[in-house]
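Only one structure is covered here, and it is reproduced in the block below.
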Amino acid sequence: SRVVALVPAAGMGVRLGENKPKAFVHVGGSPMLTLAVQGLIASGSVDEVVVMVPAELVDETRALLPVSPTPVHVVPGGAERTDSVRAGLDAAPDAAFVLVHDAARALTPPALITRVVDALRAGALAVVPALPVSDTIKSVDAAGAVTGTPDRSGLRAIQTPQGFDAELLRAAYATGTQATDDAGLVELLGTTVQTVTGDAMAFKITTPLDLVLANTLVAQGGN
Ligand code: CTP
Ligand code: MG
């Protein structure tokens, strides 16, 4: 069955605060987007990659990405991440399984990508990498007062790639609702989302501190 990886890379990277869209910021000498795509290809579990970037960067992205036997397509993303993923879905009509993988998770180990695809092939309809949370998480109200402390043992931090039966993800996107992650849309349909063990190296490069960490890890050959 055809596995297509959609790579949202159209965000501006406001929290990182560099002078270009985040996916084009270099880590260890290569753009994050290039590293993320190389990881997907290296997994051997992906048949095709679709990258969604800011519209004005489509042409230069085509020149930037690795030449490989695995086809890599570049399409314009949208204003919100959801819009970018929708654009990628439209560009992948023949997918049986879809992975959605943030360009900002540039150091994701190929073995994690394969773990997600294997769970789909074993019959799961929706799969997310999950790790235990190390901080205590509290809910708060609008004034900042704590309203609750959920039991940490029942909480997980969720990463990408998130994997889906393609028809299911299309149905989730057809509802037109917004969610902070793709699995959240699937949950709204009432479908069970399965977790697989995540990997600390799949952390999302969001802040300047994350970028320091990522560059240090690459310099040490730790990825
Ligand atoms: N993304 C996207 N299209 C958008 C917004 C985000 O494709 N309209 C992508 C980003 O490029 C990134 C991934 O979604 O690879 C995760 O988003 P995030 O880490 O929030 O990246 P940015 O939106 O770029 O960062 P910020 O929120 O700090 O501006
Ligand atoms: Mg964002």
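Here the structure is a predicted model, which means the values were calculated and not measured. For the numbers below, each heavy atom of this structure counts, side chains included, while hydrogens, waters and symmetry mates do not.
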Q) Between D59 and R62, is there a side-chain N and carboxylate O pair less than 4.0 Å apart? A)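 Looking at D59 and R62, the cut-off is met.
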
Just jot down the side chain to side chain donor-acceptor pair (under 3.5 Å) partners of [X], sequence neighbours excluded, or say none.
X    : answer
D210 : T207
E187 : none
S134 : none
T175 : T177

Return a table of donor-acceptor pairs under 3.5 angstrom between the side chains of residues 189-201 and protein atoms on other chains or two or more places apart.
from: D199; atom 1: OD1; to: M201; atom 2: N; distance (Å): 2.8

Least distance between heavy atoms, [X] atom then [Y] atom:
X    : Y    : value
G77  : S84  : CA-OG, 3.6 Å
A202 : L112 : CB-CD2, 3.8 Å
A126 : L120 : N-CD2, 4.5 Å

Q.
Through direct or indirect side-chain contacts below 4.5 angstrom among Ile, Leu, Val, Met, Phe, Trp and Tyr, which residues connect to V140?
A.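 Members other than V140 - counting any ILVMFWY side chain reachable under 4.5 Å - are V146.
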
Q) For L131, what are the other residues in its hydrophobic cluster, where any two members join if their side-chain heavy atoms are less than 4.5 angstrom apart? A)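 Grouped by the 4.5 Å side-chain rule, L131 forms a cluster of one, so the answer is none.
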
Verify same cluster id: [X], [Y] (apolar side-chain graph, 4.5 Å):
X    : Y    : result
V3   : L169 : no
I113 : V116 : yes
L168 : V50  : yes
V127 : L6   : no
L89  : V53  : no

Under 3.5 Å, which donor-acceptor pairs do the side chains of residues 95-102 form with other protein atoms, sequence neighbours left out?
from: H101; atom 1: ND1; to: T160; atom 2: OG1; distance (Å): 2.8
from: D102; atom 1: OD1; to: R81; atom 2: NE; distance (Å): 3.1
from: D102; atom 1: OD1; to: R81; atom 2: NH2; distance (Å): 2.9
from: D102; atom 1: OD2; to: R105; atom 2: NE; distance (Å): 3.3

With sequence neighbours excluded, give me every salt bridge (charged side-chain N to carboxylate O under 4.0 Å, His left out) pair touching [range].
range            : answer
residues 140-167 : none
residues 35-56   : R2-E48
residues 31-40   : none

Is the backbone of [Y] close enough, under 3.5 Å, to the side chain of [X] for a donor and an acceptor to pair up by distance?
X    : Y    : value
T114 : S45  : no
T206 : K204 : yes
N215 : V212 : no

Are side-chain heavy atoms of [X] and [Y] found at a separation under 4.5 Å?
X    : Y    : value
F203 : L213 : yes
V186 : F164 : yes
H73  : V49  : no

Q.
If you apply the rule side-chain contact (heavy atoms from CB on, under 4.5 Å), what do you find for V75 with V58, and how did you get there?
A. CA-CA 6 Å; V75 301; V58 167; over 6 Å; no

Q: Run the numbers on D182 and Y173 for side-chain contact (heavy atoms from CB on, under 4.5 Å), then give the verdict.
A: CA-CA 9 Å; D182 306 288; Y173 269 84; 2.4 Å; yes

(Q) Exactly one of L40, V72, V4, I41 should register a side-chain contact (heavy atoms from CB on, under 4.5 Å) with V46. Which one does? (A) L40

Please list, one pair per line, the donor and acceptor atoms closer than 3.5 Å that link side chains of residues 9-34 to other protein atoms, with sequence neighbours excluded.
from: K22; atom 1: NZ; to: I205; atom 2: O; distance (Å): 2.9
from: H26; atom 1: ND1; to: G29; atom 2: O; distance (Å): 3.2

Q. What is the distance from atom OG of S1 to atom CG of D94, rounded to the nearest 0.5 Å?
A.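 S1 OG to D94 CG: 11.5 Å, rounded to 0.5 Å.
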
Q | side-chain contact (heavy atoms from CB on, under 4.5 Å) between V7 and M52, worked out | A | CA-CA 6 Å; V7 183; M52 298 81 78; 5.6 Å; no

(Q) Apply side-chain contact (heavy atoms from CB on, under 4.5 Å) to residues Q38 and S68 and explain how you reach the verdict. (A) CA-CA 9 Å; Q38 282 172 342; S68 86; over 6 Å; no

